[in-house]
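Below: one structure, written as structure tokens.
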Amino acid sequence: MPDLVVIITAKLNYWVYIVLMMVGLYAMIAKNNLVKKVVGMNILQTAIILFFISIGTKHNATIPIIQHAHGLETHAVQAVNYANPLPHVLMLTAIVVAVATLGVALALIIRLHRQYHTLEEDEILAQLEED
Amino acid sequence: MGKIIVLLFGSFLVYCTLDFPDWGDPGSPASTHVSPYYIEQTLEDTSVPNIVTAVLADYRGYDTMFETIVIFTAVAACFLLLRKIKSDEPETRMYRHIPTGTTFRIKKGGRYPRESVDFERIDLQWVPYGVVIKTTCRLIIPFIQIFALYVIAHGHHSPGGGFQGGVILGASVIVYAISSNLRSSLNRFGERIAVLLCTLGVFLYAATGGLCLLLGANYLDYSALAPIFGVDPVTARSHGILMVEIGVGMAVMAAMISLYYNLSSGGKFDEGL
């Protein structure tokens, strides 16, 4: 049983993100309303952002800002004492781009609602087939 | 059907996680190749204590520049999709007579004498009219903006930078638009200024790179800026990062505001949340 506990404590973060990602994926493929699809897309993006950030953690490491860090006076800067900055950088830009894509998605939804007066996917498809 | 796909895919992913690095493992693949170099060399290379800022604007400067261009493209796409330059038909409008407090609804095509100062236009569906909300927002907006400028300017030494500070600055204008109404917000921070600032921010980023090119270094190699700032090449890199961050902050702020204006009013820039 101790093995199982070790596995669970080491991988629990990934499982939480997978659950979150599946919630988003389910909303994207199964829901009929376009706004719900967009919300699902955002949940999926959040899961991926959390996944990347959790990759960057290290045991007993501090934030990747060098000044005023622990032990700087006595030791040289060692990579093992600082969290991995690379996932943070990638996700920092990804968050802002997620907001930008959300804006474009909402703009497209507004245009669709103007044209078809509904946001349900099947009703829009039915109207498209009539034309 | 959707549930089956999601369950199958999810259990497959859970099975795959057994091969993933453990939580907090310092020897994981993501932490072994290029990131130790960033952590150990950033202070010598750029004199910026915040490694995230240095990697964002210096080592991976191209990535961030095109990220900013993506945001600009999103603003342009939103504008082209939604903006209505001329309204198709005259609309019903609401006015308030200020001395008496009476509300008038003007039918389609009707209009009021423009020179009269006794009337103010109010929104048709949602009238934000609360003294508490307005006063609170008026009090906190300056502090939000000062904090945003601090986040941009202090991004070298603490968590922060152009993206975060730009979003906070944009939020302050959006708070003003929500607490009063869209038209008074447009009077303070117009649509043209928003788009112009967004373009200027992207241009400032690209121009910093171009300046390095003119001074004989590679594109976005800020050490070439040393003669301009009058410092050594390593400190010049941190100054170059600050210029780039200001550009990013301007672009992100204007993008947030422009997206909000477009989406909340449906492109009419007339009435909205």
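Protein chains get the first letters and strands the later ones, always in sequence-line order, with residue 1 at the start of each.
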Contact part of [X] toward chain A, heavy-atom cut-off under 4.5 Å: side chain, backbone, both or neither?
{"X": "B:L7", "answer": "neither"}
{"X": "B:A30", "answer": "both"}
{"X": "B:T17", "answer": "both"}
{"X": "B:Q164", "answer": "side chain"}
{"X": "B:P159", "answer": "both"}
{"X": "B:V34", "answer": "side chain"}
{"X": "B:T73", "answer": "neither"}
{"X": "B:F20", "answer": "both"}

Between [options], which residue shows the highest count of heavy-atom pairs closer than 4.5 Å to chain B?
{"options": "A:T93, A:L25, A:L102", "value": "A:T93"}
{"options": "A:V19, A:L108, A:I7, A:I63", "value": "A:L108"}
{"options": "A:V23, A:V104, A:L92, A:L12", "value": "A:L92"}

From [atom1] ([X]) to [atom2] ([Y]), nearest 0.5 Å:
{"X": "A:H88", "Y": "B:N50", "atom1": "NE2", "atom2": "CG", "value": "10.5 Å"}
{"X": "A:M22", "Y": "B:S11", "atom1": "CE", "atom2": "OG", "value": "9.0 Å"}
{"X": "B:I51", "Y": "A:N84", "atom1": "CD1", "atom2": "CG", "value": "9.5 Å"}
{"X": "B:W23", "Y": "A:T9", "atom1": "CH2", "atom2": "OG1", "value": "11.5 Å"}
{"X": "B:L81", "Y": "A:L106", "atom1": "CG", "atom2": "CG", "value": "11.5 Å"}
{"X": "B:Y15", "Y": "A:I18", "atom1": "OH", "atom2": "CD1", "value": "13.5 Å"}

Please assess B:D63 against A:L90 for the test side-chain contact (heavy atoms from CB on, under 4.5 Å), listing each intermediate value before the final yes or no. CA-CA 9 Å; B:D63 183 11; A:L90 297 177; 4.1 Å; yes
Relative to chain B, which segment of [X] carries a heavy atom at a distance below 4.5 Å: side chain, backbone, both, or neither?
{"X": "A:I29", "result": "side chain"}
{"X": "A:F52", "result": "neither"}
{"X": "A:I95", "result": "neither"}

Nearest atoms (heavy-atom pairs only) where [X] meets [Y]:
{"X": "A:G103", "Y": "B:L263", "answer": "O-CD2, 3.8 Å"}
{"X": "B:V52", "Y": "A:P85", "answer": "CG2-CB, 4.1 Å"}
{"X": "A:K11", "Y": "B:L18", "answer": "NZ-O, 3.6 Å"}
{"X": "A:V80", "Y": "B:P26", "answer": "CG2-CB, 3.7 Å"}

With a 4.5 Å cut-off on side-chain heavy atoms, are [Y] and [X] touching?
{"X": "B:L82", "Y": "A:R111", "answer": "yes"}
{"X": "B:N262", "Y": "A:I110", "answer": "no"}
{"X": "B:P21", "Y": "A:Y14", "answer": "yes"}

Please say whether more than 12 non-hydrogen atoms of neighbouring residues, nucleotides or ligands are located less than 6.0 Å from CD1 in B:I4.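 No, not enclosed.
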Short N-O contact, B:D25 and A:K58, less than 4.0 angstrom: no
Under a 4.5 Å cutoff for heavy-atom pairs, which residue among B:V167, B:V55, B:V14 has the most contacts with chain A? B:V14
In terms of heavy-atom pairs under 4.5 Å with chain A, which of B:M256, B:K3, B:R60 leads? B:K3
